[in-house]
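Below, read A as the first sequence line, B as the second, and so on, with proteins coming before strands; counting in each chain starts at 1.
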Protein chains: 2
Amino acid sequence: MAQKITLKKIAQDLNVSISTVSKALRDSHEISEERREKIKKYAKEFNYKPNSIALSLKNQKTKKIGIIIPEIVHHFFATVISGVERVANEKGYQVIITLSGESFDKEVVNMEMLANGSIDGFIMSLSKETMEKQDFHHLREVTNQGMPIVMFDRVSNDIPCDKIIIDDVAAGHEATEFLLRKGKNKLGIISTVDYVNVGRLRSQGFSQALQQRGFEVHDHQFLKIEDIDRCEQKIEQFIADNDFDALVAVNELFAVTASKAIQKLGKKIPEDVAIVAFTDGILSKYASPTLTTIGQKGEEMGGIAAAKLIEKLESSDHDNESYETVIVKTSLVERESTP
Amino acid sequence: MAQKITLKKIAQDLNVSISTVSKALRDSHEISEERREKIKKYAKEFNYKPNSIALSLKNQKTKKIGIIIPEIVHHFFATVISGVERVANEKGYQVIITLSGESFDKEVVNMEMLANGSIDGFIMSLSKETMEKQDFHHLREVTNQGMPIVMFDRVSNDIPCDKIIIDDVAAGHEATEFLLRKGKNKLGIISTVDYVNVGRLRSQGFSQALQQRGFEVHDHQFLKIEDIDRCEQKIEQFIADNDFDALVAVNELFAVTASKAIQKLGKKIPEDVAIVAFTDGILSKYASPTLTTIGQKGEEMGGIAAAKLIEKLESSDHDNESYETVIVKTSLVERESTP
DNA sequence: TTGTACGCGTTATCAG
DNA sequence: CTGATAACGCGTACAA
């Protein structure tokens with residue numbers, strides 16, 4: 001009930017001026033020790049804390065960074081936030097999160113809300129709709145105002161800003177090469193439709209790896225799933241129709257679904273068919289058998305994004321007009337689904 | 001680069017006073033239509049948006065709500081945030097998220113940071129350490145300042161505030177009764193240590209259901225896990241040592257681990273041993289076999305929490321000093337792990 | 001119809 | 001050593 005205490009109230013109660021209180025609390029030597037102590041004691045008793053809104057207004061800095069992501073219930077994004085939060089907190093920043101829900105309009109609205117002084121800078125990953133529309137005017141508006149953006153994972157080349165991505169082609173290559181080295185030679189890949197970047201790029205890496213090893217690449221080796229909710233049938237069909245001895249799946253869900261289909265057909269993992277999945281998450285760790293995956297290091301990406309953003313925020317403003325794209329190395333985690 | 005535009009700048013550029021601009025933009029009839037239009041056009045051209053920090057300071061309202069949760073990478077918490085965010089956005093509020101990482105100290109620090117004017121109210125779930133220590137002084141300080149808190153899931157009865165919980169006793173009862181009705185009669189429960197509320201209460205429901213059916217309840221039916229990282233061994237031991245025909249697990253991880261242990265022992269699910277898990281998440285849906293679970297409805301809890309908080313925030317301040325505890329019904333989702 | 005003054009809480013600067 | 005004043009951006013009561 002006791003309303004929040006302010007400098008003004010302390011000043012009134014102690015019959016001194018506001019600026020005296022302010023100085024005393026900041027240990028200024030301008031104030032006599034006696035008075036200083038008295039004021040500090042009083043402030044402590046009433047648990048005085050400077051009002052951060054007032055400070056934001058005065059300093060033109062909020063010490064907050066805004067995140068806009070498509071969904072928070074996706075494990076990858078949750079890990080990114082976790083990384084952002086960790087680094088931000090270490091450096092005295094708070095994190096405001098908004099969700100676009102893969103909607104362009106909501107992404108725009110949220111950006112506008114946050115850009116009105118709520119935060120010092122953005123960390124974001126574009127919504128699917130934005131990727132499809134290729135409309136980035138909201139980002140440009142923000143950067144034009146001098147507010148820095150760091151993009152991760154789903155980025156746009158049209159916007160000049162720092163970017164944190166993984167090299168999906170290389171990652172697809174790594175997964176494939178790993179299977180080839182294990183002696184597998186009848187490979188298939190379960191991917192998304194091509195306009196989803198990650199699916200297209202990882203498939204590209206898959207093809208490259210095969211070709212480098214002198215294999216021919218055929219269409220029947222590629223399954224491109226459009227509707228994630230009804231992927232089961234298609235995956236079962238894909239596996240039944242082909243005599244694969246190894247599969248790459250561009251996400252955990254496809255991998256688990258494939259794993260089940262394979263076992264249903266009476267084949268053994270990894271002896272008959274091996275699997276490498278992408279996006280190391282909970283499913284891979286707890287599926288039966290556990291899945292070898294290419295980890296996406298969301299935590300690390302988030303951490304790097306936050307560090308980059310804060311660096312920009314705290315560099316003496318505008319002398320630093322160069323932008324960097326950081327490629328985070330993926331890491332292969334071996335589990336039971338590969339020999 | 002074009003710095004953010006303010007009322008002041010518009011006023012200068014147009015050679016009028018600040019208040020004229022302010023009034024014009026708010027469609028005041030005090031201002032002549034001609035001038036009004038001119039000002040509005042200019043403002044639109046430079047994309048003027050009121051600075052939210054200044055508004056916060058003036059109105060003593062931030063239109064932001066703070067969330068403190070233990071971890072964001074737990075699916076349940078992610079769904080709660082999703083629900084909070086949805087409702088908050090609908091009502092024009094933004095969401096600031098901080099993570100305690102299950103640490104008491106970090107919870108305290110984060111609360112203090114947010115309480116200094118950054119937000120209008122809290123939505124939170126206590127860290128494990130806080131539950132263990134039973135130290136809630138930081139919560140009390142905040143409520144004493146007149147800032148409302150809504151707690152969910154992990155709550156404290158010591159703090160007067162709205163609470164959103166699931167009836168864990170009833171849920172434990174439901175899970176157990178379900179197994180009994182399926183003809184199982186040698187039941188065990190894999191739970192957490194007692195100071196974690198959910199574990200204790202669900203265990204309680206487990207006991208109640210058994211006793212109501214005339215079963216005796218013995219200590220050996222309870223496994224209480226302290227360290228979630230090394231639960232595997234203990235769960236295997238627990239299953240090997242007892243001849244259960246059904247298990248209740250208070251979270252997905254325990255359930256999946258148990259499922260694997262059971263299959264390792266050559267027993268069949270659900271014929272030999274059935275499983276009911278808690279917290280319906282991704283794992284339950286994709287484990288082999290898929291798991292029957294008691295769903296926790298995180299999205300709904302988050303939505304209710306946000307609605308309650310905003311209601312309190314917008315009710316004419318202090319006439320509303322009653323607190324409510326909302327019990328969200330759980331729902332059993334049948335899958336392959338039960339007959 | 002337009003402009004001035006004030007207050008939100010803080011700090012920095014300058015005057016006493 | 002202490003205090004008054006300005007400024008951050010906004011809205012509004014009051015004065016012109």
Exercise for the section: Please determine if K63(B) and E314(B) form a salt bridge, counting it only when a charged side-chain N lies under 4.0 Å from a carboxylate O. Expected result: yes
Fill in the blank from the handout: Rounded to whole Å, the NZ-C1' distance (K61(B) to dC10(D)) equals 16 Å
Exercise for the section: Indicate the ring-plane relationship of Y42(B) and F46(B), choosing parallel, tilted or perpendicular according to the 30° and 60° boundaries. Expected result: tilted
Handout entry: Residue whose closest nucleotide on DNA chain C lies nearer the 5' end, R36(B) versus A54(B)
Key = R36(B)
Practice task
From the options dT2(C), dT2(D), dT10(C), select the nucleotide whose nearest atom is closest to the side chain of T20(A).
Solution key: dT2(D)
Problem - Length of the CD-P vector between Q60(A) and dG9(D), whole Å - result: 5 Å
Exercise for the section: Hey, which sits more toward the 5' end of DNA chain C by its nearest nucleotide, E33(B) or N59(B)? Expected result: E33(B)
Exercise for the section: Could you tell me whether K58(B) contacts a base, only the sugar-phosphate backbone, or nothing, with contacts defined as non-hydrogen atoms closer than 4.0 Å? Expected result: base
Practice task
Give a yes/no answer on whether the side chain of S32(A) brings an N or O atom under 4.0 Å of OP1 or OP2 in dT2(D).
Solution key: yes
Problem - Atom-pair distance (CD on Q12(B); P on dG3(C)), nearest Å - result: 14 Å
Practice task
Take atom CD of E30(A) and atom P of dG16(C), then tell me their distance rounded to the nearest Å.
Solution key: 16 Å
Exercise for the section: Give L57(A) one of three labels, base, sugar-phosphate or nothing, depending on what nucleic acid heavy atoms sit under 4.0 Å from its own. Expected result: base
Handout entry: Residue that, paired with I69(B), satisfies side-chain contact (heavy atoms from CB on, under 4.5 Å) out of I123(B), V80(B), L99(B)
Key = L99(B)
Handout entry: Phosphate contact (dT2(D) OP1 or OP2) by R35(A) side-chain N/O below 4.0 Å
Key = yes
Handout entry: Sub-4.5 Å side-chain heavy-atom contact between E311(B) and D162(B)
Key = no
Practice task
Check whether any side-chain N or O of K8(B) sits under 4.0 Å from OP1 or OP2 of dC8(D), and answer yes or no.
Solution key: yes
Completion exercise
Taken to the nearest whole Å, CG/L7(A) to C1'/dT11(C) is 9 Å
Handout entry: Atom pair distance, as rounded to whole Å: CD1 in I18(B) and P in dC8(D)
Key = 9 Å
Practice task
Answer with base, sugar-phosphate or nothing: what part of the nucleic acid does K23(B) contact at a heavy-atom distance below 4.0 Å?
Solution key: base
Exercise for the section: Report yes if a side-chain nitrogen or oxygen of Y48(B) is closer than 4.0 Å to either non-bridging phosphate oxygen (OP1 or OP2) of dC10(D); otherwise report no. Expected result: yes
Handout entry: N or O in side chain of R26(B) less than 4.0 angstrom from dT12(D) OP1/OP2
Key = yes
Problem - Most 5' of H29(A) and N51(B) on DNA chain D, judged by nearest nucleotide - result: H29(A)
Handout entry: Sugar-phosphate only, base, or nothing, as touched by S19(B) at under 4.0 Å among non-hydrogen atoms
Key = base
Problem - Presence of salt bridge, E85(B) and K106(A), under 4.0 angstrom - result: yes
Practice task
Check whether any side-chain nitrogen or oxygen of S17(A) sits under 4.0 Å from OP1 or OP2 of dT2(D), and answer yes or no.
Solution key: no
Problem - Nucleotide of dG9(C), dG9(D), dT11(C) approaching L55(A) most closely (side-chain heavy atoms) - result: dT11(C)
Practice task
Using a 4.5 Å cut-off on heavy atoms from C-beta on, say whether the side chain of V21(A) contacts that of L25(A).
Solution key: yes
Handout entry: Phosphate OP1/OP2 of dT11(C) contacted by S22(A) side-chain N/O (<4.0 Å)
Key = yes
Practice task
Could you check how far CG of D27(A) sits from P of dC1(D), rounded to whole Å?
Solution key: 14 Å
Fill in the blank from the handout: Separation of dT10(C) atom P from I53(B) atom CD1, nearest Å, is 14 Å
